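Everything below concerns the one structure shown next.
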There are 2 protein chains.
Amino acid sequence: MEQQNAGGETRAGDVLQRMRQDIVNCVLKPGEKLRFESLRERYEVSFSTLREALSRLAAENLVVAEGQRGFVVAPVSIADLNDLTDVRVLVEREALAKAIRKGDDLWEGNILSAFHRMERLQQRIGREYYLSDEWSVVHGEFHYSLVAACGSPVLLEMRAKLFERAHRYRRMSSQFRTKWREKDVEHKMIVDAVMDRNIETALSLIERHIRETSENVIEHAGHLFPELTTETRRPTKKPATVAAE
Amino acid sequence: MEQQNAGGETRAGDVLQRMRQDIVNCVLKPGEKLRFESLRERYEVSFSTLREALSRLAAENLVVAEGQRGFVVAPVSIADLNDLTDVRVLVEREALAKAIRKGDDLWEGNILSAFHRMERLQQRIGREYYLSDEWSVVHGEFHYSLVAACGSPVLLEMRAKLFERAHRYRRMSSQFRTKWREKDVEHKMIVDAVMDRNIETALSLIERHIRETSENVIEHAGHLFPELTTETRRPTKKPATVAAE
DNA sequence: GTGCAACATATTTTCGAAATTATAGCGTTT
DNA sequence: AAACGCTATAATTTCGAAAATATGTTGCAC
């Protein structure tokens, strides 16, 4: 074999990451059928390796596995976004509260560092900074830095998965949105509240931040969602007589 | 191929389920190395299929994938159990509150049905009913029925995964425990509070139920946990100089 | 024309061999 | 002895062909 994976990662893990990026960035579009032949070409791996990556993505709810009929990029819907938003509020609030209680000096420093990098990036790229991949990274790191000290690995991991799923929605709307400066001042306010260790204020701010972002997505990209479209999926053999389980 | 999977499931999905059961029931013990050759023999599938199942279990935190050194059953620890318990309280409370607000008659009926089956099973098996596999199923269905009407698929799915992880701990201690009648009256009290739509009481009861179960696990099985044992894992090449990510 | 069976094609899923990587054993040197 | 390099062995990871399944098409009866 000529080229092998660079880091200590496994090849399937590599593909997993690349595919995750492609999904949350909507290169692979919601609802799109994922045919093995084209994926094999795109990522240059074999069937089994692809299958492994797809399985893990299915466990993360970024793709759905349909019986023996292959895989599909997880569809989007307003209902799903609203649900996701509510759960995210629950989890982020809890994580942030714990972090403020337990965070130390290093935690504070990392927040300021991430915030600084976020501001610098805006200045450097200007105007449409939020369309760049670099922005996604540094913005994600900022929000992570806020809750990093919460001391709960289980909570942090759930949060990370929810954040990724929500990022896909943000990305869908980013090309249509205009009023981004507001988000910037919100970020600043959150940092201030956190530094003051003002839990009540910080939680309210982060909740509003999440909910308003979600509302913005619906406002600007809601028209892309296949909400009321008549059932497009082929009916399954058995009419889904699933009991309460 | 002679025998194929029974239902509409895929073969890898089959193995996934069987393996999940074996892990939460501690047939595959915490920390145990999962060698492909023996697994292949046990589950009668090929390497790639196994790999797919293992990958999904890794995404569920029931096994951990170690670079290119294979898979290991996720280890247990008191810290992990406590963490898990806290997050479970957060999630179950939220789900139960929503269910009580939104639940309809069918939901109430399903709760009574599940509770009834749970009681009958005790009467039928008697004494050490809680050691049977059937108990695990009906007990799980009861707790699910309480929150089934919460209306949030995202929350329900998170809850399901946390429940499974916690079940592994319960199972570890079940052989040592004695005072089970207390749990039975707790279940009854929860049902009553839920039927009265008394949110405050129901949330307090479910929280206490979860926390006390967790404490019982630590009391009776804590001695099995490799908490203070000196690092048994072989040191990785790089001394893990991971930054804040 | 509609429904339906039988065949042909396309796609997914599984398998075990082959390549890659880690681990253990052994001799040599300091 | 401990540390290092080397080889041999054992394990995992990847691959693409082959089996199983789903999908599409044609022909025939009604």
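Protein chains get the first letters and strands the later ones, always in sequence-line order, with residue 1 at the start of each. Only a predicted model underlies this, so the values are computations on that prediction, with no experimental measurement involved.
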Rounded off to whole Å, could you give me the [atom1]-to-[atom2] distance for the [X] and [N] pair?
| X | N | atom1 | atom2 | value |
| --- | --- | --- | --- | --- |
| A/Phe36 | D/dA18 | CZ | P | 19 Å |
| A/Leu34 | C/dA10 | CG | P | 20 Å |
| B/Glu44 | C/dG16 | CD | C1' | 16 Å |
| A/Leu39 | C/dT13 | CG | C1' | 15 Å |
| B/Glu37 | C/dA17 | CD | P | 11 Å |
| A/Tyr43 | D/dT14 | OH | P | 16 Å |
| A/Asp14 | D/dT14 | CG | C1' | 13 Å |
| A/Glu66 | C/dT12 | CD | C1' | 12 Å |

Ring geometry between [Y] and [X] (parallel below 30°, tilted from 30 to 60°, perpendicular above 60°):
| X | Y | value |
| --- | --- | --- |
| B/Phe176 | B/His223 | perpendicular |
| A/Phe163 | A/His143 | tilted |
| B/Phe225 | B/Tyr169 | perpendicular |

At a heavy-atom distance below 4.0 Å, what parts of residues 46-60 of chain A sit against DNA chain D?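 The answer is A/Ser46, A/Phe47, A/Ser48, A/Thr49.
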Is there a donor-acceptor contact under 3.5 Å from the side chain of B/Asn110 to the main chain of B/Ser145?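 Answer holds: no.
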Would you say B/Asp104 has more than 12 foreign heavy atoms packed within less than 6.0 Å of its CG?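 Count over threshold, so yes.
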Using OP1 and OP2 only, check whether a side-chain N or O of [X] sits under 4.0 Å from [N].
| X | N | result |
| --- | --- | --- |
| B/Arg11 | C/dT12 | no |
| A/Arg69 | D/dT23 | yes |
| B/Arg40 | C/dG16 | yes |
| A/Lys33 | D/dT23 | no |

Results of ring pair (Phe, Tyr, Trp, His ring centres under 6.0 Å) for B/Trp135 - residues two or more places apart only: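 Listed in chain order: B/Tyr129, B/His139.
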Does B/Arg40 make a cation-pi contact with B/Phe47, if we ask for NZ or CZ under 6.0 Å from the ring centre and within 45° of the axis?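 Verdict for B/Phe47: a cation-pi partner in B/Arg40.
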B/Gln68 side chain: which of C/dT21, C/dT12, D/dT14 is closest?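 Closest nucleotide to the B/Gln68 side chain: C/dT21.
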